[in-house]
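Below is one structure, written out as structure tokens; comments come after it.
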Protein chains: 2
Amino acid sequence: MALTEPKARVAVLKALAHPTRLEIIQILSQGTRCVSEIEKSVGGDMSTVSKHLSLMRKAGLIGFKKGGLHINYEIACGCLDGFLRFVDSLAGNRVLDEQLCC
Amino acid sequence: MALTEPKARVAVLKALAHPTRLEIIQILSQGTRCVSEIEKSVGGDMSTVSKHLSLMRKAGLIGFKKGGLHINYEIACGCLDGFLRFVDSLAGNRVLDEQLCC
DNA sequence: AAACTACATGGCAATTTTGCCTAACAAATG
DNA sequence: CATTTGTTAGGCAAAATTGCCATGTAGTTT
């Protein structure tokens, strides 16, 4: 299998390397949320939130489903949780079992 | 166990969200390398490479050991490999087993 | 001690990112 | 049609990132 292109890797990492976007991911990890709900949680302008969502969508991190008047966003990949636990592990906390980390 | 501070998470992700730094990680995953070796591989000024290394060091991704005249850098955490496989998975390629991802 | 090697660091300009605002636009609903 | 919800684009200023240059520094060699 071919290696993932560096650009795609960097895009994924950049999409996560922002406090607000990380917060959005955390919110979505609890379940589906529409844009205005996310906006209330993280603050800031809706256009700003929408741009963050667009960026993460293009990186393939999140998806959405239309529901009536709302657009409900959701985590695209279940492994994102494990991924963020890796981040925590690398950030200094040991929250993974020996098998998975260090 | 306390959650990792958002700042530390973002620092780790930012430290990886750069093509050159990702390349350096890949080089170091093959073994210890000194700065001039890394410089030859990735190109650019040594001061630039040194700053990349410093950034990743502060994020806790890499460490170093002094050896004679050289400073040999190394991956700080073995789980970085698995981490990058997660990134690839999120970037579109499915390289993880069902247990780990999606 | 002087010179040299291997890196680190500060400064600086160019580029990118971010966030707010405004406005135009689309789609679903009443 | 009017309203609500959200996307997208443009403009713009503030902030962060990037990369090279010049200089500083620590350890080594002569």
Side-chain angles (χ1 to χ4, degrees), chain A residues 6-28 31-76 91, chain B residues 5-28 31-76:
Chain A
K7 273 191 179 184
R9 283 193 192 179
V10 172
V12 166
L13 289 163
K14 277 192 179 180
L16 286 169
H18 189 284
T20 301
R21 291 196 289 267
L22 222 43
E23 193 182 348
I24 292 175
I25 291 291
Q26 198 162 337
I27 291 168
L28 292 182
T32 295
R33 296 284 188 280
C34 72
V35 180
S36 37
E37 286 175 320
I38 297 171
E39 183 194 1
K40 284 176 189 168
S41 295
V42 306
D45 197 73
M46 180 188 274
S47 70
T48 299
V49 173
S50 190
K51 279 185 184 176
H52 281 309
L53 292 170
S54 172
L55 206 163
M56 290 194 284
R57 200 158 25 86
K58 285 170 185 164
L61 296 179
I62 60 178
F64 64 87
K65 285 173 184 166
K66 295 186 179 180
L69 206 49
H70 295 273
I71 295 185
N72 298 300
Y73 278 86
E74 61 191 1
I75 301 279
Chain B
E5 294 178 45
K7 275 191 178 182
R9 281 193 195 179
V10 173
V12 165
L13 290 163
K14 279 191 178 179
L16 286 170
H18 189 283
T20 301
R21 291 196 290 268
L22 224 41
E23 193 183 347
I24 292 174
I25 291 293
Q26 198 161 337
I27 291 168
L28 291 183
T32 295
R33 296 284 188 280
C34 71
V35 180
S36 37
E37 286 174 322
I38 298 171
E39 184 195 1
K40 284 176 189 167
S41 295
V42 307
D45 198 74
M46 179 187 276
S47 70
T48 300
V49 173
S50 188
K51 279 185 181 177
H52 283 310
L53 292 170
S54 171
L55 208 163
M56 292 194 283
R57 200 158 25 88
K58 285 171 186 165
L61 296 179
I62 60 178
F64 64 87
K65 286 173 184 163
K66 297 186 180 180
L69 208 48
H70 296 272
I71 295 186
N72 297 300
Y73 279 86
E74 60 191 2
I75 302 280

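No hydrogens, no waters, no symmetry mates; every other heavy atom, side chains included, goes into these values. Numbered from 1 within each chain, the chains take letters A, B, ... in sequence-line order.
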**Q.** salt bridge (Lys or Arg N to Asp or Glu O under 4.0 Å) involving A/Lys65 - partner list, sequence neighbours excluded
**A.** A/Glu74
Q: Just call it for A/Leu69: base, sugar-phosphate, or nothing, with non-hydrogen atoms closer than 4.0 Å on any strand.
A: base
Q. Near DNA chain C, under 4.0 Å by heavy atom, which residues of residues 36-45 of chain B?
A. B/Ser36
Q | Whole-Å distance separating the CE atom of B/Met46 from the C1' atom of D/dT18 | A | 18 Å
Q.
At 4.0 Å (heavy atoms only), tell me whether A/Ser54 reaches a base, stays on the sugar-phosphate, or touches nothing.
A. sugar-phosphate
(Q) Need two values: the first and the last nucleotide of DNA chain C, 5' to 3', having an atom under 4.0 Å from any heavy-atom of chain A. (A) C/dT17 to C/dT29
Q | Shortest non-hydrogen separation from A/Ser41 to A/Ile27 and the atoms involved | A | CB-CD1, 3.4 Å
Q: Would you sort out whether B/Val10 and A/His18 count as a side chain to side chain contact (heavy atoms under 4.5 Å, CB included), showing the intermediate values?
A: CA-CA 6 Å; B/Val10 173; A/His18 189 284; 6.0 Å; no
(Q) What's B/Tyr73 touching, base or sugar-phosphate or nothing? Going by heavy atoms closer than 4.0 Å. (A) sugar-phosphate
Q) Nearest nucleotide by nearest heavy atom, which residue falls closer to the 5' end of DNA chain C, B/Val35 or A/Gly67? A) B/Val35
(Q) What is the separation between atom NZ on A/Lys66 and atom C1' on D/dG6, rounded to the nearest whole Å? (A) 10 Å
Q) What pair of heavy atoms forms the shortest contact from B/Val49 to B/Gly43, and how long is it? A) CG2-O, 4.0 Å
(Q) Quick check for you: to the nearest 0.5 Å, what is the distance between B/Ile24 atom CD1 and B/Ile38 atom CD1? (A) 5.5 Å
Q: Please determine if a side-chain N or O atom of B/Ser47 lies less than 4.0 Å away from the OP1 or OP2 oxygen of D/dC20.
A: no
Q.
For B/Ala15, is there any backbone N or O sitting under 3.5 Å from a side-chain donor or acceptor partner on B/Arg21?
A. yes
(Q) So, using salt bridge (Lys or Arg N to Asp or Glu O under 4.0 Å) as the criterion, who are the partners of B/Glu37 when residues are at least two apart? (A) none
Q | With sequence neighbours excluded, residues passing side chain to side chain donor-acceptor pair (under 3.5 Å) with B/Thr20 | A | none
Please write out each protein N/O paired with an N/O of nucleotides 12-17 of chain D under 3.5 Å, distance rounded to 0.1 Å.
{"unit_1": "D/dT17", "atom_1": "OP1", "unit_2": "B/Lys14", "atom_2": "NZ", "d": "2.9"}

Q | Close side-chain approach of B/Pro19 and A/Arg9, heavy atoms under 4.5 Å | A | no
Q: Measure from CG on B/Leu22 to P on D/dT18 and round the result to the nearest Å.
A: 12 Å
Q: Among D/dT5, D/dG19, D/dG11, find the nucleotide with the atom closest to the side chain of A/Lys51.
A: D/dG11
Q: Taking the side chain as every heavy atom from C-beta outward, state whether A/Asn72 and A/Val35 have any pair of such atoms under 4.5 Å apart.
A: no
**Q.** 5' precedence on DNA chain C between A/Gly68 and A/Ala17 (nearest-nucleotide basis)
**A.** A/Ala17
Q: Send over the distance from A/Arg33 CZ to D/dT5 P, rounded to a whole Å.
A: 17 Å
(Q) Within the 4.5 Å heavy-atom criterion, are A/Leu55 and A/Lys14 side-chain neighbours or not? (A) no
